[in-house]
Amino acid sequence: MSPEHYFSPSVSSLPSSLASSHFSLSFSPFFLLHAMASSSSLKHHQNYSLNGFTTPTKKTKLSFISDSEIQSEFSHHDQTIARINNGSFGSCPQSVISAQQNFQLQFLRQPDHFYFNTLKPSILHSRSIIKSLVNAQSVDEISLVDNATTAAAIVLQNCAWGFNEGRFNKGDVAVMLHYAYGAVKKSVHAYVTRAGGEVIEVHLPFPIASKEEIVTEFRKALARGKENGKKKVRLAVIDHVTSMPSVTIPVKELVKICREEGVDQVFVDAAHGIGCVDVDVRDIGADFYTSNLHKWFFCPPSVAFLYCRKRGEEDKGGDLHHPVVSHEYGNGLAVESAWIGTRDYSAQLVVPSVLEFLNRFEGGIEGIKKRNHEKVVEMGEMLVKAWGTNLGSPPEMCGSMIMVGLPACLGISNDPDTLKLRSHLREHFQVEVPIYFRAPVDGEVDPITGYARISHQVYNKVEDYYRFRDAVNQLVSDGFTCASLSN
């Protein structure tokens, strides 16, 4: 079945309320997918005229997913753990796991049929949904890869080729945030520095008070990169949501500054993007944008999308290539990424099932995102009030994660202390939460040197955060310090 045929459903495949011969609107693929996924609720809650939607004839209460159904979807989680760390590995509901297992069994049952008839159209199906969700112009701009680190390697590999092929001058610059994800920071150095480029880091304060602080430091870094016109900034790597410490970055403003300052290309690393913060790739305006789908979008690990802005109608990403070269090399990045050898592609195929899961919630993905933000801010403010500390950023600079100051008396003095305390909380209090060490500034008195990054996802309960609060209160009451923990 060709991709074109795959996205041209017959009238009989549509919900009956859309299948009228008089209903002549042209549907986008995303609308069709959404309509078919939600057909049962549509036919109960909407009527259609010859010209489309009409007002319902009677009020019918919409039925959304219940608390008990949410808990059932995540019943495979360890119920003894207060899991307030969705940001690290994400979460996947049972209905999506079942869909993934179905794809896995299809492949194992008859791999040839799966390869020739199911795999490529299913990946295209997923890419089309993501294209609509992030407002890309074309499905050709969306590739599916393993994770955001793989996407970074694709972009950075292309940058390194610019140095190796003489398009860039030795000493030209790549700029990235000091708080960039560790693996991406190492990738930037591995590709750019080795090829002859220079890497400049944007040092940001923490705690942070406003987005203006970020803008100011970013402008300073770009000025250093240009060095009075002697060098050129070839690539800016900007996080949308930094990992540790977690802060939402004003990416649209920083991309605009890059355009004004003549930066060649901008890559937004949004590992925590889709499902956590607003993502509109055309509005953001970057050349490249990647986000994991297993963090906040409920896919199983691991899968991410990489958006590459088209530079013309014929552009299919020919200058970019997947680091794993296989039979599809030269057919465009999206096609190359869809086959990199025999492996399990099932995580890339369940996006339609994720969409069905999201549509069970009031407001869909937007409603989930809004409620997660409101709840994580509420829980963060409850914790800092209990401990007499502070948040790491204003509420408007966080998505579904927020940094919460820990009592200074815990004696967090280095990065190893954060790992020991994290293990102690897991093993003795059944709380899973990552902790960040903030080096004190000269002259500070009793500085807060430890911050916990708490997340909120649909499966979390207020009791999870109370357990964390009570655990820290118990440690303080006992006179605990990190120095008492062995290596």
Side-chain angles (χ1 to χ4, degrees), residues 1-3 6-7 29-30 33-34 36-37 72-77 86 88-134 139 142-151 153-154 271 273-275 290-307 322-324 326-328 331-360 365 457-459:
M1 183 182 294
S2 70
Y6 192 82
F7 284 112
F30 175 70
L33 294 170
H34 187 282
M36 286 186 281
S72 177
E73 283 279 13
F74 296 97
S75 60
H76 52 283
H77 286 188
N86 192 84
S88 284
F89 298 103
S91 51
C92 185
Q94 186 59 53
S95 56
V96 176
I97 294 173
S98 297
Q100 180 189 29
Q101 291 172 338
N102 182 48
F103 278 118
Q104 291 170 330
L105 287 174
Q106 285 184 52
F107 174 76
L108 294 172
R109 184 181 299 117
Q110 224 294 35
D112 295 86
H113 180 273
F114 187 85
Y115 173 77
F116 286 107
N117 298 287
T118 302
L119 180 61
K120 288 185 179 181
S122 296
I123 289 178
L124 180 60
H125 191 167
S126 293
R127 288 170 52 213
S128 296
I129 293 174
I130 299 302
K131 174 256 181 188
S132 296
L133 286 174
V134 303
V139 72
I142 302 295
S143 302
L144 296 183
V145 296
D146 280 345
N147 48 48
T149 308
T150 302
I154 292 170
I274 189 169
T290 186
S291 177
N292 288 318
L293 300 178
H294 55 264
K295 293 273 191 184
W296 295 97
F297 191 70
F298 298 106
C299 279
S302 60
V303 57
F305 77 86
L306 172 60
Y307 160 82
H322 197 285
V324 178
S326 193
H327 299 291
E328 298 290 358
N331 291 329
L333 178 62
V335 176
E336 286 184 17
S337 300
W339 182 259
I340 54 171
T342 302
R343 60 183 296 258
D344 184 1
Y345 292 89
S346 59
Q348 300 183 13
L349 311 183
V350 296
V351 173
S353 297
V354 172
L355 184 64
E356 290 185 26
F357 176 74
L358 294 170
N359 286 340
R360 294 167 66 189
I365 189 171
Q457 189 50 286
V458 297
Y459 56 81

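Here the structure is a predicted model, which means the values were calculated and not measured.
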What pair of heavy atoms forms the shortest contact from [X] to [Y], and how long is it?
X      : Y      : answer
Ser291 : Ile274 : OG-N, 3.0 Å
Thr150 : Asn147 : N-OD1, 2.9 Å
Ile340 : Val324 : O-CG1, 3.8 Å
Ala334 : Arg127 : CB-NH2, 3.4 Å
Pro300 : Cys92  : N-SG, 3.7 Å
Val145 : Ser337 : CG1-OG, 3.8 Å

What distance do [X] atom [atom1] and [Y] atom [atom2] have between them, rounded to the nearest 0.5 Å?
X      : Y      : atom1 : atom2 : value
Leu349 : Gln104 : CG    : CD    : 9.5 Å
Gln94  : Phe357 : CD    : CZ    : 11.0 Å
Leu119 : His113 : CG    : NE2   : 12.5 Å
Gln106 : Thr118 : CD    : OG1   : 5.5 Å
Ile123 : Leu144 : CD1   : CG    : 6.5 Å
Ser95  : Arg360 : OG    : CZ    : 5.5 Å

Any non-hydrogen side-chain atom of [X] less than 4.5 Å from a side-chain atom of [Y]?
X      : Y      : value
Asn102 : Ser98  : no
Phe103 : Tyr345 : no
Tyr115 : Thr342 : no

Review point. Around Phe89, counting heavy atoms of other residues, nucleotides and ligands shown, do more than 12 lie under 6.0 Å from its CZ?
Key: no
Review point. Of Val134, Leu133, Leu306, which is the lone residue that meets side-chain contact (heavy atoms from CB on, under 4.5 Å) with Ile142?
Key: Val134
Review point. Which residue pairs satisfy the salt bridge (charged side-chain N to carboxylate O under 4.0 Å, His left out) criterion with at least one member in residues 337-348, sequence neighbours excluded?
Key: Asp146-Arg343
Check your understanding: What pairs meet the salt bridge (charged side-chain N to carboxylate O under 4.0 Å, His left out) rule with one or both residues in residues 116-125, with sequence neighbours excluded?
Key -> Lys120-Glu328
Practice item. Taking Asn86 for its side chain and Lys295 for its backbone only, find out whether a donor-acceptor pair lies under 3.5 Å. Key: yes
**Study point:** Check: Ser126 side chain, Gln348 main-chain N or O, donor-acceptor pair, under 3.5 Å
**Key:** yes
**Study point:** From CA spacing to verdict: side chain to side chain contact (heavy atoms under 4.5 Å, CB included), Cys299, Val351
**Key:** CA-CA 7 Å; Cys299 279; Val351 173; 4.1 Å; yes
Exercise for review: Give me the ring orientation class for Phe74 and Phe298: parallel if the planes are under 30° apart, tilted from 30 to 60°, perpendicular past 60°.
Suggested key: tilted
Exercise for review: Just do the side chain to side chain contact (heavy atoms under 4.5 Å, CB included) check on Val350 and Val303 with the steps written out, would you?
Suggested key: CA-CA 10 Å; Val350 296; Val303 57; over 6 Å; no
Check your understanding: For Phe107, which residues count as a ring pair (Phe, Tyr, Trp, His ring centres under 6.0 Å) partner, sequence neighbours excluded?
Key -> Phe114
Practice item. Quick one: do Gln457 and Trp296 satisfy side chain to side chain contact (heavy atoms under 4.5 Å, CB included)? Show the steps, please. Key: CA-CA 8 Å; Gln457 189 50 286; Trp296 295 97; 3.4 Å; yes
